[in-house]
Amino acid sequence: MPADMVRVGRLDIGGGSPRIIVPLTSSTMEGLREEARKLRSLPADMAEWRVDMFGAPAPVDEGAVKEALRMLRGELSVPLLATFRTTDEGGKRPLDAEDYAPLCALLCESGLVDLLDVEAFFRTGEAKDIIARAHACNVPVVASNHDFHATPGKKEIVRRLLFMQEELVADIAKIAVMPQSPADVLTLLSATQEAFARARRPLITMSMGPLGVISRVSGRFFGSAATFGAAERASAPGQMDVAALHAVLEALEGASR
C-alpha cells in the first residue's frame, strides 16, 4: 500500500511528484539571510537549513543558532527543515556526541522549525529518544542515513528504511548512498520501490554523485517523496540546480499523465 502523507507546515509530503527541498548553506548570518530571500523567487517547496555549515568551523553558538532561526522564520515563505549533519555522515564540522541531542532539542523547542533531521544511526544510539522528544514538541522527523563511500545491498537498504519507520517511529525515512557503477543506482531504485510498497510513511532516497542524478528526478516512479536541488551551492554530490530540477520534474509530471 502507498505510504501515508505527512503534513509539514502547510506542505503535504508523499504522493505525486517529489517535493523540492533547497539547502541553505551559508556560514554567516548575512549570507544566510540573502539565501533565504533568494529562495522566494525559486521553485522550492521547502528549505533545509544546514546548521552544521552555519558559523563553521567555530564551535556551535546556541545564541547565534536561535537568532538565525528567528531570522529565517521571518524571511522564508516555505517550511523549514533543520539539519545538523555530523562529520560521520558528511557534515562540515564536528559536534561532541553529548551535544547532538541537546542541539536537536533546542531546534525543536524553539517553535521555529517545521521538520527535524535526525541521523538514524548516530553513534550514541539516542535517535529514538531524540525523535520522541521532537514529537513531544509537535515537530515531525526525517530519520536519515548517508553512505558517501558505497551502496549497500538492496535488502540492507530496505531494512534501514523500515527500521527508521518501525523502530525509530520517524515520520519520514531518508537514505542517500554513493554508487560505484550504474548497477548501484538500480539497486537504490529497486530498494526504494520495495520499501515504498511496505512502508506506511513517506521515503526520501537518492543515489549521489553524477551517476546517481537519475535517482533525484525519478521519485514519482519508484516512491521517493522529495528531492534536493541546489541554489547557492550543493550540500551533497550530484544535486542539480533547482531551476533545472524543477523543469525536469514538470516535464516528467506532464509526460506521465
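Here, residue 1 is the first one in the sequence, and each next residue gets the next number.
At least one side-chain heavy atom of Val142 sits less than 4.5 Å from a side-chain heavy atom of Leu115. Residues Met5 and Ile13 form no side-chain contact, since every pair of their non-hydrogen atoms from C-beta on lies 4.5 Å or further apart. Here the side chains of Leu112 and Leu80 are not in contact, with every heavy-atom distance at 4.5 Å or above. Looking at Ser144 and Asp117, their side chains come closer than 4.5 Å, going by heavy atoms from C-beta outward. Residues Lys174 and Thr205 fail the side-chain proximity criterion, which asks for heavy atoms closer than 4.5 Å. Here the side chains of Leu116 and Leu81 are not in contact, with every heavy-atom distance at 4.5 Å or above. Within the 4.5 Å cutoff, the side chain of Pro43 has no heavy atoms near those of the Glu250 side chain. Within the 4.5 Å cutoff, the side chain of Leu39 has heavy atoms near those of the Leu76 side chain.
Proximity of a side-chain donor or acceptor of Arg198 to a complementary backbone N or O of Val158 within less than 3.5 Å is not detected. Judged by distance alone, with hydrogens and angles left aside, the side-chain atoms of Asp96 form no donor-acceptor pair with the main-chain N or O of Glu98 at under 3.5 Å. Remark: the backbone N or O of Thr227 is not paired with any side-chain donor or acceptor of Arg216 at under 3.5 angstrom. Asp99 contributes no side-chain N or O that, together with a main-chain N or O of Leu95, makes up a donor-acceptor pair within less than 3.5 Å. Remark: the backbone N or O of Phe222 is not paired with any side-chain donor or acceptor of Gln193 at under 3.5 angstrom. No donor-acceptor distance shorter than 3.5 angstrom exists from the side chain of Ser207 to the backbone of Gly212, with no hydrogens or angles considered. Of the possible polar contacts, none joining the Glu109 side chain to the Ala134 backbone as a donor-acceptor pair under 3.5 Å is found. Panel note: side chain Arg93, backbone Ala58; a donor-acceptor pair is recorded below 3.5 Å. Between the side chain of Asp52 and the backbone N or O of Arg85 there is at least one donor-acceptor pair closer than 3.5 Å. Judged by distance alone, the side chain of Gln165 and the main-chain N or O of Ala170 form no donor-acceptor pair under 3.5 Å.
Between Arg70 and Glu67, none of the side-chain N atoms (NZ, or NE/NH1/NH2) sits under 4.0 Å from a carboxylate O, so this pair counts as no salt bridge. At a threshold of 4.0 Å, the pair Glu30-Arg33 counts as salt-bridged, since one of the basic side-chain nitrogens sits closer than that to a carboxylate oxygen. Taking the charged nitrogens against the carboxylate oxygens, Asp4 and Arg201 have no contact shorter than 4.0 Å, which rules out a salt bridge. By the 4.0 Å N-to-carboxylate-O rule, Lys128 lies too far from Glu167 to be salt-bridged with it.
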Exercise. In sequence, state the C-alpha distance, the side-chain angles, and the governing distance for Glu48 and Leu24, and then conclude on side-chain contact (heavy atoms from CB on, under 4.5 Å).
Key: CA-CA 6 Å; Glu48 178 191 37; Leu24 305 176; over 6 Å; no
Quiz item: Checking side-chain hydrogen bond (donor to acceptor under 3.5 Å, both in side chains) for the pair His135/Asp171: CA distance, chi angles, key distance, verdict?
Solution: CA-CA 9 Å; His135 286 163; Asp171 302 277; 2.6 Å; yes
Quiz prompt | side-chain hydrogen bond (donor to acceptor under 3.5 Å, both in side chains) assessment of Lys154 paired with Ser190 | solution = CA-CA 7 Å; Lys154 176 181 174 179; Ser190 180; 3.0 Å; yes
Exercise. Would you sort out whether Ser256 and Arg220 count as a side-chain hydrogen bond (donor to acceptor under 3.5 Å, both in side chains), showing the intermediate values?
Key: CA-CA 9 Å; Ser256 65; Arg220 178 177 180 84; 3.1 Å; yes
Exercise. Just do the side-chain hydrogen bond (donor to acceptor under 3.5 Å, both in side chains) check on Thr86 and Glu119 with the steps written out, would you?
Key: CA-CA 8 Å; Thr86 70; Glu119 291 180 4; 2.7 Å; yes
Quiz item: Where do Ile20 and Phe228 land on the side-chain contact (heavy atoms from CB on, under 4.5 Å) test, with the steps shown first?
Solution: CA-CA 6 Å; Ile20 296 176; Phe228 291 76; over 6 Å; no
Quiz item: Does the pair Val177 and Phe148 meet the rule for a side-chain contact (heavy atoms from CB on, under 4.5 Å), with working shown?
Solution: CA-CA 6 Å; Val177 298; Phe148 282 82; over 6 Å; no
Practice problem: Assess whether side-chain contact (heavy atoms from CB on, under 4.5 Å) is satisfied between Asn145 and Met164, documenting all intermediate values. | Solution: CA-CA 9 Å; Asn145 178 230; Met164 295 174 195; 3.6 Å; yes
Exercise. Evaluate the criterion salt bridge (charged side-chain N to carboxylate O under 4.0 Å, His left out) for residue pair Arg159 and Glu156; output intermediate values, then yes/no.
Key: CA-CA 5 Å; Arg159 184 195 71 80; Glu156 176 61 14; 2.8 Å; yes
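Both Leu161 and Phe221 are assigned to one and the same hydrophobic cluster, defined by single-linkage of ILVMFWY side chains at heavy-atom distances under 4.5 Å. In this structure, Val169 is not a member of the same hydrophobic cluster as Val8, with clusters built from ILVMFWY side-chain heavy atoms closer than 4.5 Å. In this structure, Ile157 is a member of the same hydrophobic cluster as Ile214, with clusters built from ILVMFWY side-chain heavy atoms closer than 4.5 Å. Linking ILVMFWY side-chain heavy atoms closer than 4.5 Å, directly or via other members, places Leu103 and Leu72 in a single hydrophobic cluster. Under the 4.5 Å side-chain heavy-atom criterion for ILVMFWY residues, a single connected hydrophobic cluster contains both Leu42 and Val248.
Applying the side-chain hydrogen bond (donor to acceptor under 3.5 Å, both in side chains) test to every pair with at least one member in residues 10-21, sequence neighbours left out, gives these pairs: Arg7-Asp12. Within the structure, the ring-ring contact (aromatic ring centres under 6.0 Å, His included) test picks out the following pairs touching residues 108-128 (sequence neighbours left out): Tyr100-Phe122, Phe121-Phe163.
For the side-chain contact (heavy atoms from CB on, under 4.5 Å) with Cys104, the lone residue among Val139, Ile130, Ile131, Val141 that qualifies is Ile130.
Taking OG1 from Thr83 and CG from Leu107, the interatomic distance works out to 9.0 Å, rounded to the nearest 0.5 Å. To the nearest 0.5 Å, atoms CG (Leu188) and CG (Asp184) are separated by 9.0 Å. Atom CG of residue Asp147 and atom CD1 of residue Ile175 lie 8.0 Å apart, to the nearest 0.5 angstrom. Here Leu189 contributes atom CG and Met206 contributes atom CE; the two are 11.5 Å apart, rounded to the nearest 0.5 Å. Phe54 CZ to Ser27 OG: the interatomic distance, rounded to the nearest 0.5 Å, is 8.5 Å. Taking CG of Leu203 as the start and OG1 of Thr192 as the end, the distance is 7.0 Å to the nearest 0.5 Å.
In this structure, Ala36 and Glu75 approach most closely via the heavy-atom pair CB-CB, 3.8 Å. Residues Ile204 and Ala226 come closest through the heavy atom pair CG2-O, 3.5 Å. The minimum heavy-atom distance between Gly229 and Pro23, with the atom names listed, is O-CD, 3.1 Å. Looking at every heavy atom in both residues, Leu249 comes nearest to Val217 through CD2-O, 3.6 Å. The nearest pair of heavy atoms linking Lys66 to Leu106 is CE-CD1, 3.8 Å. Taking all atoms of both residues into account, the shortest heavy-atom contact from Thr187 to Pro152 is CG2-O, 3.7 Å.
Other residues, nucleotides and ligands place more than 12 heavy atoms under 6.0 Å from the CD atom of Glu166.
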